[in-house]
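Just so it is clear: chains get the letters A, B, ... in the order the sequence lines come, proteins before strands, and each one is counted from 1.
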Amino acid sequence: MAQPRFDPSQSVKFDLTRGAVSLEGSASNVVVPQQALLDLCRQAGDEALRDFGRKIGTEAGWRASGRLIDGPTRASIPAVVEHLGGNLALLGLGNLKVEQWGKALVFAVGNAPPGDHGAVLLGAVLEGALQRAMSRDLRMVVLDRDDQTVRLLATSPMTADKVRGWLAAGSSWGDALTKLNAGGDA
Amino acid sequence: MSVQDKVSALEGLLDRVRRNAAKPRAAAAAPPSAEPAPPRQAAPPPQVAPPPQELELSGGGDVDDLLDAPPISSGPRSDMETMVANPEEEAALAADDGAGDDIIDMDIDDFGEEVDVEIDVESPAAEAADVEVSIDFDDDEPPASSKRPIVDEAADLAEREVPLKTPPPESGRQVAVAPISEAAVPSIEQLGATVQLESDGSGVDDLLEADLNATPGQVDGPRPQMPTMEQLGETIELRGSDAPDAHLELDAPEDEIGEDAPDELEAAIPSGAGGGVYDDSLAPPPEAKEELQRHLQTERSASGAPAAGPEVTSRPAIDIDPTEFTVSTTDDDSSFLAALEASLSL
């Protein structure tokens, strides 16, 4: 069966009488300024920030997996990118792309929330979404970020610490991916 | 006699007429006439009757008694008449006496001569002794004598005064000149006299017309007709055709200058079809293409990215109506979960 395209129509509803915003049937949502959200993330700490992002991503992954007609286990990469990326776009978290560097699966998000805390928040959202949609425990490692794009590596929790170590040691994110594809000994 | 003298003589004449007109009325008003006859206004001067407050009630009797008494006629004519020096004028006055009106007759032969004025005041009402007069003091109406038109002498003189001279230059630019009509100019007819002007053409009207024709705001004074020497500056006389031809030394034309021998250090510019123009049909050499690829790889490695490009999967743009969208099957059979597990296995 063909996978339907992502249809954002009627996804966001503004009930001005009640003063409520609903996103694809979710109870209520709050539209807040991005800078205010980032200020809160900066003051919250890493652990609280991850929990906050994972809760947001869980909702997004649940909505995306519900649109995958073949199921999450059989959904193609373009289908997952389209529907998961569509839900991230509805949240205002950027434009999702997926890059495959060898075996490494890299999520490149354009127009992402600025700053290091924005990148951490975005990684936490993707972790929660993939855990909810694919039922896998994974970590998102921030490989690189510039003014436009944030690149996050999807990897296991143990590998994630190793890659962070490489990056902290001064390796470029390309070298880190090269090492990772070579088995970690390169 | 100049115009100024004539005008002065006319004004003096007017004053004398007024004085003479006022004298006999004051004397005639002495009898306590209950109803002074209002003289007719034949000609100026108009104010010849005494004011009403000069009337006196003789005997100190009651007003009602006086009113009941028969009216008192005015005095004889001889009391009201002034002597006329000229017998001819007296005859003329006698001829006009039949009308019984208040007549002011003036005959001016010459401005320098004596002007005699006869004022004959004879009221038929005064002669009519049987006229009953009743005065009601309760009446608010003013007495009959007050109905005479009182002429403001100052206003009258101001109206008749004619500006003979333009204002001095210190007064600045005149905004407008009061329109002077013929009625504003005191005419001899208004004065009731005949003025014999000189026949030399320099009449008052001519002089007045000369002032009226002057441009408003025009200031009398010396008008420079010619520029001054300071304005002209130094005068240079131009030579005419008879001047000798000027000799100008001109350089020799370029054509006549012989081409110098080329310097030994100069190189000749190659002349040809492609001189100075790039040929677009030329292809870059193959070593340049390899050099370009090496340069791009160097830039990519400098940014930290791996040398080999990734396989990118982008989210398709949402710019179509979902109701008309036809789903296209992807040729990529690899599932996302397999790719994710492969990445997690690293």
Looking at [X], I'd like to know if its [atom1] atom is crowded, meaning that more than 12 non-hydrogen atoms belonging to other residues, nucleotides or ligands lie closer than 6.0 Å.
| X | atom1 | value |
| --- | --- | --- |
| Asp116(A) | CG | no |
| Asp39(A) | CG | yes |
| Gln148(A) | CD | no |

Does [X] reach the side chain of [Y], with side-chain heavy atoms less than 4.5 Å apart?
| X | Y | result |
| --- | --- | --- |
| Phe336(B) | Thr73(A) | no |
| Leu337(B) | Arg136(A) | yes |
| Arg74(A) | Ser335(B) | no |

Would you mind telling me which of Val163(A), Asp144(A), Thr155(A), Asp146(A) has the largest number of heavy-atom pairs within less than 4.5 Å of chain B?
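Counting heavy-atom pairs under 4.5 Å, the top option is Thr155(A).
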Residue among Ser171(A), Ala176(A), Gly174(A) with most heavy-atom pairs under 4.5 Å to chain B
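Sorted descending by pairs with chain B, the first entry is Gly174(A).
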Which answer fits [X], side chain, backbone, both or neither, if we ask what part of it has an atom under 4.5 Å from a heavy atom of chain B?
| X | answer |
| --- | --- |
| Leu84(A) | neither |
| Leu143(A) | neither |
| Ala133(A) | neither |
| Ala75(A) | backbone |
| Val80(A) | side chain |

Would you give the length of the straight line joining atom [atom1] of [X] to atom [atom2] of [Y], rounded to the nearest 0.5 angstrom?
| X | Y | atom1 | atom2 | value |
| --- | --- | --- | --- | --- |
| Glu82(A) | Ser314(B) | CD | OG | 12.0 Å |
| Phe107(A) | Thr313(B) | CZ | OG1 | 10.0 Å |
| Leu344(B) | Met134(A) | CG | CE | 11.5 Å |

Qualifying residue, where the test is side-chain contact (heavy atoms from CB on, under 4.5 Å) with Ser343(B) and the options are Val106(A), Leu105(A), Leu138(A):
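Running side-chain contact (heavy atoms from CB on, under 4.5 Å) over Val106(A), Leu105(A), Leu138(A) with Ser343(B) returns exactly one hit, Leu105(A).
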